[in-house]
Number of protein chains: 2
Amino acid sequence: MSISVNPLSVIDNKFDNGRKLGREEESPVLPAAYDTYEGVTVDMERAPLMEPDVFSSRLEASISQWRKQLKKGVWIKLPIKKMNLVESAVKQGFVFHHAEPTYLMLVYWIPKVPCTLPPNASHQVGVGAVVVNDRRKILVVQENSGCLRGMGLWKIPTGIVCEGEDINAAVVREVKEETGIETEFVEILAFRQAHKVFFGKSDLFFICMLRPVSFEIQTEEVELEDAKWMPFEEYAAQQAEREDGLFKSITEVCVEKLCGKYDGFLPVPMKAVFCGRSNYFYRSGKNLNMVDYS
Amino acid sequence: MSISVNPLSVIDNKFDNGRKLGREEESPVLPAAYDTYEGVTVDMERAPLMEPDVFSSRLEASISQWRKQLKKGVWIKLPIKKMNLVESAVKQGFVFHHAEPTYLMLVYWIPKVPCTLPPNASHQVGVGAVVVNDRRKILVVQENSGCLRGMGLWKIPTGIVCEGEDINAAVVREVKEETGIETEFVEILAFRQAHKVFFGKSDLFFICMLRPVSFEIQTEEVELEDAKWMPFEEYAAQQAEREDGLFKSITEVCVEKLCGKYDGFLPVPMKAVFCGRSNYFYRSGKNLNMVDYS
C-alpha cells in the first residue's frame, strides 16, 4: 500500500459556518494522507493534543468530507499516549485493524459495498534447523518449557522469525543463539502450515538444512535444558519421532536428503523493479545452475 | 500456547485487610487463566462491568499477587465495548500486543529478565496461480487498482490467504473468484519473502501450479479490468516480465516446469500428535511415491 501526502490545504471545505478561521483553526478536517486505493490515514501521533469532544466533532466532519470525496477506508493510527481518544472513534463506528506495542490502528469503511481492505497479518513464521555433521550426528536440543517439557525428547533447534528477518538468516541466528554452533544455510527442505496456533493466528514452519562450520556446543540456558550432537539413527528411533506426523515427516526428508535423493528450495537474491525491494525467491535448486539470474 | 483455567478460588490472597468479604467481593484479584509458560490471561469480555478506578486498583492488586507467584507475562483481552478501561492498563505499564476488529490484547512483563513472550503475527500470506491449459495458454488478469493499474501488464491471478485457510485451498478459491475458472492444485513452484509490505509487516508469496478443469472465463469486475487465456510465449515476452525480478523468476520456473524439468513442493496431509491438529506438510514430490505416510 503506497501512501501519498494529502495536500489538505487545497481541499475546499465548508465547515466554518461562514466564520473567518485563524491559522490554528483553518479546517476541522483532521490532517491525513491519501493512498492509491482511495484510502485516508489520520496519524494522531503528529496531530496536536486535543480533547475527546473536539476530536469527536472533527472526526465526524472529516468523515463527512471524505464521504463526499468518495473515499473508502479511513485509518486512524492512535499512539498509546492518546488512548483518551479511542472511545470517540469507536462511537463513530471504527473497529480495530491491528496493534503494535505503542499504537493502535483503527479503521472505518465508508462505502455501502463490502469492505476490500487488507486484513491484518495472519501468520507467524517459525524455523527448524537440520544440522548434520560429517560423522552423521544431528544437532538436537531439549526445551525447558512448552508442551514437550520433561518428555525426554530430543528435537531439532527451532525459533521464530523476527520482524523483517529473512528465513535463511533467522535459522542461522537461532542455531547460534541456542547452541553456539556456527552454520551456513543450505536449503529449505519442506514446510508445514498450521492454524489457530496462537491467538487464532496461523503458523508457517520452515524446515531448513544447514551446514555446521563450528562444532563446540554452548547451550543457551534460559530456554534450553540441554543440547548435543546425537547419532542420526538414534534421533530417528525416538518414540515420538515414529508417532508424530511432523517429527516423522521431518525425519523422512532428512533421510532422503542424506542419501542424496532430495531437492529442497534454494534462496535466490532478487530485486522487484515495481516495489523497489530486494528479497529472496526460494525455488528448486535442481536446474539452478542453468538459469541466468544476472 | 496452551491455556489452562486458573482455579482462583483456591489462591490464598491477603487483600481484604481482615474484612470478611461477601460473595461479590471475594477477591480483588481479577479472574484469570494460567498457562504452561507462567503466563496469566485476564479476559475482560467475561469480567463484570466495572469503573476505571475499580479496575485500576484491582489490576494493581492482581499484579502484586502474580509477582509473588513468580508469574511472567500478564495478558489483558479488552473488548472494544470496554475501551474506558484501556488508559488504566496503560498507566500500569501495559503495552499493546495485537488487535482484532473487536478486541485489543495488552501485555505486561513482570520479571526483570528480558521478555520472552511471542511477538504478534508478522506475515501476510499471498498466492499467485499459474494455470496453463492444453494449448499452452496461461490464465492472466489485469487489475483496476494498485501500482500496476493502467500499465497494460497481464499478470497471473493473485490473492491473499484468509485467516485459517490452507495455501492450496486459497489459490484455487482466488482463481475461481477472479476468473470463474475451476482448477485442481498441483504443487507449489516457489515462494518469495518480502519485508515492510504493509504496515511494516512481511509477506510470503507462494507461486502455485494449478490444472484447469473448466475453461470459460467470467471476469470478476470489482477488482479486475479483464482476464483471458494468453499464449505463454506472449505472456513471457511482456516488457515487465523481462525487467522485473519477481515476474522474471516466476516465468523461469514456469518454463522449466512446462519442459518437465522442475519439481515443486506437494502438500501431504499430516496429523501432529502433540498438538492434535491436522494440516499440510509441503515437500518435494520427487520421491514421494516411495514414502509411506500411513
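Every chain is numbered from 1 and lettered A, B, ... according to where its sequence line falls, protein lines coming before strand lines. All values reported here derive from a predicted model rather than from experimental measurement. Worth knowing before you read on, the calculation uses all heavy atoms, side chains too, and leaves out hydrogens, waters and symmetry mates.
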> For B:Asn279 and A:Arg192, which heavy atoms make the closest approach, and how far apart are they?
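Looks like OD1-CD, 3.5 Å.
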> Starting at CZ of B:Phe191, measure out to CZ of A:Phe281 and round the result to the nearest 0.5 Å.
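The CZ atom of B:Phe191 sits 10.0 Å away from the CZ atom of A:Phe281.
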> Drop me the distance from A:Lys201's NZ to B:His98's NE2, to the nearest 0.5 angstrom.
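So the gap between those two atoms works out to 7.0 Å.
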> Just checking, any donor-acceptor pair under 3.5 angstrom between side chains of B:Asp166 and A:His195?
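A donor-acceptor contact under 3.5 Å links the two side chains.
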> So, do A:Phe96 and B:Tyr103 have ring centers that fall under 6.0 Å from each other?
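So the answer is no for these two rings.
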> Indicate the atoms forming the closest heavy-atom contact of B:Ser202 with A:Gly164, along with that distance.
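Scanning both residues completely, I find the closest heavy atoms to be OG-N, 3.8 Å.
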> What distance separates B:Ser122 OG from A:Glu165 CD, expressed to the nearest 0.5 Å?
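Answer rounded to 0.5 Å: 10.0 Å.
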> By a 4.5 Å heavy-atom criterion (distance strictly below it), what part of B:Ile160 contacts chain A: side chain, backbone, both, or neither?
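Side chain only.
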> Rounded to the nearest 0.5 Å, what separates atom NZ in A:Lys77 from atom CZ in B:Phe199?
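Reported value, rounded in 0.5 Å steps: 9.5 Å.
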> Is it true that, when you exclude B:Lys257 itself, more than 12 heavy atoms of the residues, nucleotides or ligands shown sit nearer than 6.0 Å to its NZ?
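For B:Lys257, atom NZ is crowded (more than 12 foreign heavy atoms under 6.0 Å).
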> By a 4.5 Å heavy-atom criterion (distance strictly below it), what part of A:Asn84 contacts chain B: side chain, backbone, both, or neither?
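Interface part for A:Asn84: both.
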> Does the pair B:Glu252/A:Arg283 count as a salt bridge with the N-to-O cut at 4.0 Å?
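No salt bridge links B:Glu252 with A:Arg283.
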> Given a strict heavy-atom distance threshold of 4.5 Å, which part of A:Val90 is in contact with chain B: side chain, backbone, both, or neither?
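For A:Val90, side-chain heavy atoms alone lie under 4.5 Å from chain B.
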> Could you tell me if the ring centre of A:Phe205 sits under 6.0 Å from that of B:Tyr282?
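For A:Phe205 and B:Tyr282, the ring centres are not under 6.0 Å apart.
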> If you look at every heavy atom in B:Phe265 and A:Ile188, which pair is closest and at what distance?
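Nearest pair, atom of B:Phe265 first, then A:Ile188: CZ-O, 3.6 Å.
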> From B:Leu104 CG over to A:Leu106 CG, what is the distance, rounded to the nearest 0.5 angstrom?
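These two atoms lie 9.0 Å from each other.
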> Would you please say whether a donor-acceptor pair under 3.5 Å links the side chains of B:Gln193 and A:Asn168?
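The criterion, which ignores hydrogens and geometry beyond distance, is not satisfied for A:Asn168 and B:Gln193.
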> Sort out for me which of A:Asn120, A:Val255, A:Val107 touches chain B most, counting heavy-atom pairs under 4.5 Å.
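Highest number of pairs under 4.5 Å: A:Asn120.
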> Looking at B:Met83, B:His123, B:Gln124, which has the largest count of heavy-atom pairs under 4.5 Å with chain A?
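Of B:Met83, B:His123, B:Gln124, B:His123 has the most heavy-atom pairs under 4.5 Å with chain A.
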> Would you mind telling me which of B:Thr116, B:Thr102, B:Val95 has the largest number of heavy-atom pairs within less than 4.5 Å of chain A?
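Heavy-atom pairs under 4.5 Å are most numerous for B:Val95.
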> Specify which of A:Cys162, A:Ala99, A:Gly264 makes the most heavy-atom pairs with chain B at under 4.5 Å.
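Going by pairs under 4.5 Å, I would pick A:Ala99.
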> If you measure from the Lys or Arg side-chain nitrogens to the Asp or Glu carboxylate oxygens, is any gap between B:Lys82 and A:Glu87 under 4.0 Å?
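Answer for the salt bridge query: no.
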